[in-house]
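Labels below follow one simple rule: chain letters A, B, ... track the order of the sequence lines, proteins then strands, and each chain is numbered from 1.
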Number of protein chains: 2
Amino acid sequence: MEEPRKRARPGRSPAPAGRTARPRQAEVARLAGVSQATVSLVLADKRQGPAISEETRRKVLEAARSLGYVPDPAARRLAAARNNLLGVFSFTATFPTDVQHSYYPFLVGVEREAAERGYDLVLFTGSSTGGAGAAGPDALSRVRLADGCLFLGRHAPVEELGRLVADGFPVVHLGRRDEPAGLHWVGADYVSAAREVVGHLACLGHRRMVLIREDDEAPASTDRERGFAEGLEAVGDGSVFRSADPERDLTPERLRSWLADGVTAFVAEETDTGAAWRALRRAAADAGIECPRDASLALLGSPPADLADGPEPTGFDIPRTRLGAAAVRMLAALVAGEEATEPLVACTFRPGATSGPPPATEDH
Amino acid sequence: MEEPRKRARPGRSPAPAGRTARPRQAEVARLAGVSQATVSLVLADKRQGPAISEETRRKVLEAARSLGYVPDPAARRLAAARNNLLGVFSFTATFPTDVQHSYYPFLVGVEREAAERGYDLVLFTGSSTGGAGAAGPDALSRVRLADGCLFLGRHAPVEELGRLVADGFPVVHLGRRDEPAGLHWVGADYVSAAREVVGHLACLGHRRMVLIREDDEAPASTDRERGFAEGLEAVGDGSVFRSADPERDLTPERLRSWLADGVTAFVAEETDTGAAWRALRRAAADAGIECPRDASLALLGSPPADLADGPEPTGFDIPRTRLGAAAVRMLAALVAGEEATEPLVACTFRPGATSGPPPATEDH
DNA sequence: GCGTATTACTAATGCGCATTAACGAGTACT
DNA sequence: AGTACTCGTTAATGCGCATTAGTAATACGC
């Protein structure tokens, strides 16, 4: 025989004893001798709504306090037609096991800014769609549960993202990204940052430089190259060394031949692997080049963890935390129906110890 | 004249253009040519309740998929159902800038296990920042949006937690905790782990040991002490050195006097600061005690980051990732209305290099 | 005194969903 | 042919709150 219980909630109105249920606005209203609507108004404390007498306000607040009234967030969000929920979706686990993955600093900023704005975060795991739940091509659509969603990682499927964007669902991608047209993103201003590094080298007197980069087409790489080029435009000239495997191809001999050609500074891009910088450092060491003396080195980003304890490289730091915050700001703006905010976040220049004036030449 | 707009939601039903709003069950129903109730039934996929024809089921699922329908979590909660959302609430920032005491390893386990079970995570923010959400007496109550909530950190206000627990809201605290009666928790089995470490020392031949601990009453400390006592029960005897500032109070002289008393092994508890272990290592060094030779040292936990590169201490590792997973398992059980699962998670013994047989005595 | 404001509140409605009583259409059995 | 069931679907309801239209009461102006 089925118990005809109404909902799972125990003891209601006349309180048949047992646990007292959480009080509702209705109970507060009864105690204060007013209507539920009045309670809502008092507690909302709007300035523009109907006026409430001081007397009533007092009674309601008193009643609410004495009952220990606490609003039900679900009901509140339902009635207000917004969730105050921002999604965070990464295509790998948000918390990869290899500790202190680079997402961490982003999340710091994301959390802080979201908290600041009263949003909570929903962490969608790539696997929450692949694991127990349904996989399939519409896996991404789960993020619609939030008011908007932040995407991390390069492997976002263009198709599905495009669909979300086309539906007007607020989406912000962390990192510049052109692919689904209309996708909003925030990213570090690699162009300016690279330009600034080159400018710094130019100030020191360098006129001829080489950029070492890996062989891919990620915006992060091309932006750096552009900044490199722009920085050199009026003050010198440079060339780009591009290799799929810099650690193999960047030989000490090549470095020496560049030096012989009058190159006095080398700039490496930062990548996931840090291969360019590692290759550059090693080749320089093998070639017997002492760093700020014989040639200057710069890194367009931060050194990989395994090279962290060498001399601090001249270059710039990616403001990951601020990026996370900026992403949330933009997402919040989109959710509010406003224009997207500024997508570029400035990197901070790092003087470092791997650059100095070029060695004296015959001009001297 | 007042525009009779319904809520702030733009473009509805016949879609006057512009942004498409999130689809509701009603839209799915319309597209599938059935009623909203039917949609709900199909999507709920209950085995009891009214039967649904295969034909209808197909149509509904197809419509839902093509619209990218996702249930509104707030509405679901309100209608007394489940969300598939588990909350995570920490009383400091979940992603602290100060990496020292990071919840990261826990979160790895939490995320993995949650994904495994088809739950998404809601990170309730604003606990620390006091941002827009400000810390009222209802700061905690936001978590009711989720099906259940995980709490991290020691500073959980007993009052509010008690309220949630009393209301039957599924709550699991990470770390043993007695305070709000009835609170569920998962924690590392410090008692067994400490016992095992002591047992190991006893096996090596140690009979008299001293436990160095800080002066507080956290369960994590008292549990370790209990394990220490239990481990010694039948095999030897020990005493406890307790200090609010071990680095000041634990002098080399004291160490020597213990040695003179026949103490051959020292055990330090792990705390946030790592003070006990640091003090012990330093005092031993200052006293000219060479580690495994003159006396054995053990650490009930993991060394602080700044001592990580010394010899690996004998002791145990706290299985943080597994703890996170266990917490989610328990929370899921509670949400499902089942009994709470096993709260204790075993630590893994670490042989280390700071222990060995006691030095030869006059008995020799 | 009768409109017109103004103030202080309440009734009614709906947010999106789950749930259940009710209903219509078959089919089976007296 | 009438009754009893079963099956598939829908109408209706309510969760707890915010919002708005509406009402009652009082103050004001001429």
Would R65(A) and E62(A) pass as an ion pair if we require N to O under 4.0 Å? yes
Whole angstrom is fine here: how far is it from [atom1] in [X] over to [atom2] in [N]?
X: R30(A); N: dG16(D); atom1: CZ; atom2: P; value: 12 Å
X: L78(A); N: dC17(C); atom1: CG; atom2: P; value: 9 Å
X: Q36(B); N: dA18(C); atom1: CD; atom2: P; value: 8 Å
X: E27(A); N: dC17(D); atom1: CD; atom2: C1'; value: 13 Å
X: N84(A); N: dC17(D); atom1: CG; atom2: C1'; value: 15 Å
X: D72(B); N: dC17(D); atom1: CG; atom2: C1'; value: 14 Å
X: R77(B); N: dC17(C); atom1: CZ; atom2: P; value: 16 Å
X: R144(A); N: dG16(C); atom1: CZ; atom2: P; value: 15 Å

Within the 4.5 Å heavy-atom criterion, are L183(B) and F151(B) side-chain neighbours or not? no
Student check: side-chain heavy atoms of L43(B) and P71(B) closer than 4.5 Å: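 No - every pair of side-chain heavy atoms lies 4.5 Å or more apart.
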Considering the options N84(B), L85(B), V122(B), N83(B), which one meets the side-chain contact (heavy atoms from CB on, under 4.5 Å) requirement together with L145(A)?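 Of all the options given, the one that passes is L85(B).
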Only one of V28(A), V34(A), I52(A) forms a side-chain contact (heavy atoms from CB on, under 4.5 Å) with V42(A), so which one is it?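 Checked V28(A), V34(A), I52(A) against V42(A); only one passes side-chain contact (heavy atoms from CB on, under 4.5 Å): I52(A).
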Quick one: pull up CE in M330(B) and NE2 in H173(B) and give me the separation to the nearest 0.5 Å.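 Going from CE on M330(B) over to NE2 on H173(B), the span is 12.5 Å.
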Can you tell me if the side-chain N/O atoms of R76(B) get under 4.0 Å from OP1 or OP2 in dG16(C)?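 No, outside the criterion.
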Counting just side-chain N and O atoms, does Q25(A) come under 4.0 Å of either OP1 or OP2 of dA18(D)?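 Result: yes.
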Where the side chain of A37(A) is concerned, which of dA18(D), dA11(C), dA12(D) is the nearest nucleotide?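 For A37(A), the side-chain atoms sit closest to dA11(C).
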Between the protein and nucleotides 7-9 of chain C, are there any N/O to N/O pairs under 3.5 Å, and if so, what are the atom names and distances?
| unit_1 | atom_1 | unit_2 | atom_2 | d |
| --- | --- | --- | --- | --- |
| dC9(C) | OP1 | S53(A) | OG | 3.1 |
| dC9(C) | OP1 | T56(A) | OG1 | 2.0 |
| dC9(C) | OP2 | S53(A) | N | 2.6 |
| dC9(C) | OP2 | S53(A) | OG | 3.1 |
| dC9(C) | OP2 | T56(A) | OG1 | 3.2 |

Restricting to non-hydrogen atoms, name the atom on L334(B) and the atom on P170(B) that form the minimum distance, rounded to 0.1 Å.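 So the two residues come closest at CB-CB, 3.9 Å.
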Nearest heavy atoms of C149(A) and F124(A), plus distance in Å: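 That would be SG-CD1, 4.4 Å.
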Which angle, to the nearest 10 degrees, lies between the helix axes at the two ends of the helix from dG1(C)-dC30(D) to dT30(C)-dA1(D), each defined by five pairs? 70°
Are there more than 12 heavy atoms of other residues, nucleotides or ligands under 6.0 Å from atom CD of E338(B)?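 For E338(B), atom CD is crowded (more than 12 foreign heavy atoms under 6.0 Å).
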